[in-house]
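Here is the structure we will look at.
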Number of protein chains: 2
Amino acid sequence: MRRTKAEAEETRNSILHAAERVFYEKGVSNATLDDVAKAAGVTRGAIYWHFSNKTDLFLELYNSVSLPLEDMIARDIEQPASGVLAFIEKLTVDWLDELASDEHRQRIFTILLRCSYGGDLMPVLERQQEVDDRHVASLESAFARAGNEGYLNANWTPHSATRALWWMVGGLCTEWLLFGRRFDLAAEGRDGLKRLFASFRPATIDITASADVHSMA
Amino acid sequence: MRRTKAEAEETRNSILHAAERVFYEKGVSNATLDDVAKAAGVTRGAIYWHFSNKTDLFLELYNSVSLPLEDMIARDIEQPASGVLAFIEKLTVDWLDELASDEHRQRIFTILLRCSYGGDLMPVLERQQEVDDRHVASLESAFARAGNEGYLNANWTPHSATRALWWMVGGLCTEWLLFGRRFDLAAEGRDGLKRLFASFRPATIDITASADVHSMA
DNA sequence: ATTTTAACATACATGTTTGTTTGTATAGCT
DNA sequence: AGCTATACAAACAAACATGTATGTTAAAAT
């Protein structure tokens, strides 16, 4: 039954896709390799040929998701300080849009959120943690540049703004993914970010608007 | 070997506590009932006497965590509208303080976050979801009262402020619990909430402060 | 054309976890 | 005092998942 190299690569991919679906539906630790094999239309032998074990399969699945956010953040250096906040906001909105439209990434993230990282899955957690740390550091340096040039509201610091943004986006995505995507991620995210970033910017002195607020009562 | 009723209740509690520790360390699905039994100093027979199976044990563990947040939120009705925002802020800060100091609750929440809810654990997820929904609804009605009386910044709506607060606190706790409590939850939370709630309040027209921001550059 | 080897399927051996059953000593009731 | 239900421990049986070893076929290599 030896297949051509192209066919072999095809079955490998079908195994990865099947693992994504099965892990997403049953959870990583509840899913058996036989479930994955049946979903892929092969036997466990094929899985053990392409991957050394279940942990390895999961790691390969995790590696298959690309992380293009890194260089997007790094690109803020080219931005003038006056546009940094708008740039970060657009970047975040774009990232949410992409997540909202990419079911593949949704499933991967959901799997990562729900899996328990006990024992041999620790390296995944550590890698995710270090990626997150780099993202946070990039964001904070960007906010610091905006702050140094007076484009950050006195109410916020680079550190606090970074954390507020990070936690809000994290909480938003977590709730959306874990609780059945019960709202429009892109729309709600865009709206929330718009208001949060409005509070990041120095106040424009607008007496009429402020008066309007109180007249609403 | 029949024990007195008090002793039996004692072993039941020791099983629950052992389950909490073992589930926390190894994850729910990776932990075996024998692990729990050994940690409790009993045999599996004792567990099967007090609980029908592993799922039931987990559900009882989930039920053992009290949820005193409910009536705390309901109490906002007694507050004058001018103090609603300060009340919600204090309530949230208190809740964070309690989580930061209660290792029992930390472990329960961590277990809930990391567990995979596949198949027979669905009722837990659904119950958690409905509790969350009630909390969000309570918060939103409180914000609406503040908004109706002009105590909410025009930049925010009751809906958006509720979500921003909810997502930020959720993201904060999730990162703290899942990533090894690498920062001071109470302090960071208090600081972030202070700034977020500052942006919730109508702007005080303060030209000198606004000028100060730009003079920092 | 043969040989080799890649790409699996099949079968098996093993350890693990679960659920149940049986045994047993004693607390509590009569 | 004797009976019985309780609160477990210990042993057992079955299912299940994993890993490995072996078989089989066809694609490459020679």
Side-chain angles (χ1 to χ4, degrees), chain A residues 1-61 111 115-122 124, chain B residues 1-19 21-61 111 115-122:
Chain A
M1 280 208 178
R2 167 161 184 184
R3 314 290 166 78
T4 167
K5 281 177 190 171
E7 285 172 330
E9 190 63 19
E10 204 174 309
T11 60
R12 191 191 131 99
N13 284 334
S14 77
I15 290 173
L16 277 174
H17 281 76
E20 181 185 317
R21 292 198 309 272
V22 173
F23 286 169
Y24 173 73
E25 286 164 14
K26 310 186 61 168
V28 178
S29 44
N30 287 332
T32 165
L33 286 185
D34 199 54
D35 293 333
V36 177
K38 276 174 184 163
V42 295
T43 65
R44 274 173 43 246
I47 298 182
Y48 276 101
W49 173 256
H50 286 284
F51 310 93
S52 60
N53 51 31
K54 190 171 160 184
T55 304
D56 182 51
L57 172 60
F58 179 74
L59 289 177
E60 287 298 309
L61 186 61
I111 292 169
C115 95
S116 78
Y117 300 114
D120 42 2
L121 270 58
M122 271 300 174
V124 181
Chain B
M1 280 206 179
R2 167 160 181 190
R3 313 289 167 80
T4 168
K5 282 176 189 171
E7 285 173 331
E9 190 63 20
E10 204 174 310
T11 59
R12 191 192 130 98
N13 284 335
S14 76
I15 290 173
L16 277 174
H17 282 75
R21 292 199 309 272
V22 173
F23 286 170
Y24 172 72
E25 287 165 13
K26 310 185 63 168
V28 179
S29 44
N30 286 333
T32 164
L33 285 184
D34 199 54
D35 293 333
V36 177
K38 279 173 182 163
V42 295
T43 65
R44 272 173 46 245
I47 298 182
Y48 275 101
W49 173 255
H50 286 284
F51 310 92
S52 61
N53 52 31
K54 189 171 161 184
T55 303
D56 182 50
L57 172 59
F58 179 75
L59 290 177
E60 287 298 309
L61 185 61
I111 292 169
C115 100
S116 78
Y117 300 112
D120 42 3
L121 269 58
M122 270 301 175

Rounded distance (Å) that lies between atom C1' of C:dA6 and atom CD of A:E7: 12 Å
Integer-rounded Å distance: C:dG15 P and A:N53 CG: 18 Å
5'-most by nearest nucleotide on DNA chain C - B:R3 or A:R12: A:R12
5′-ward residue of the pair A:T32/B:G41 relative to DNA chain D: B:G41
Residue-phosphate contact under 4.0 Å: B:K54 side-chain N/O, C:dT18 OP1/OP2: yes
Length of the line joining A:F51:CZ and D:dG19:C1', which is rounded to integer Å: 17 Å
Separation between NZ of B:K5 and CD of B:E10, rounded to the nearest 0.5 Å: 16.0 Å
Separation of atom CZ in B:R44 from atom P in D:dC12, rounded to whole Å: 14 Å
Nearest-neighbour nucleotide for the A:K5 side chain, C:dA7, D:dA9, C:dA9 considered: C:dA7
From CG (A:L16) to CZ (A:F23), nearest 0.5 Å: 9.5 Å
B:A31 or A:I47, whichever maps to the more 5' nucleotide of DNA chain C: A:I47
Euclidean distance, atom CG of residue B:D34 to atom C1' of C:dT18 [Å, nearest integer]: 11 Å
Side chain B:R2 and base C:dA27 donor-acceptor under 3.5 Å: yes
Options C:dC8, D:dT18, D:dA9, nucleotide nearest the side-chain atoms of A:Y48: D:dT18
Distance, rounded to the nearest Å, where A:E9 contributes CD and D:dA27 contributes C1': 17 Å
Protein-nucleotide distance (B:L33, atom CG; D:dA10, atom P), rounded to Å: 17 Å
D:dA26 OP1/OP2 closer than 4.0 Å to side-chain N/O of A:T4: no
Nearest-nucleotide pick for A:W49, side chain only, options being C:dT10, C:dA6, C:dT20: C:dA6
OP1 or OP2 of C:dA7 under 4.0 Å from side-chain N/O of A:H50: no
Given D:dT18, D:dA9, C:dT18, the nucleotide with the shortest approach to the side chain of B:T43: D:dA9
Heavy-atom pair with the smallest gap, counting every atom of A:V36 and A:I15: CG1-O, 4.0 Å
Point-to-point distance, once rounded to the nearest 0.5 Å, from CH2 of B:W49 to OG1 of B:T11: 11.0 Å
Rounded distance [0.5 Å steps], NZ in A:K26 versus CG in A:D35: 3.5 Å
Length of the CD-C1' vector between B:E10 and D:dC8, whole Å: 14 Å
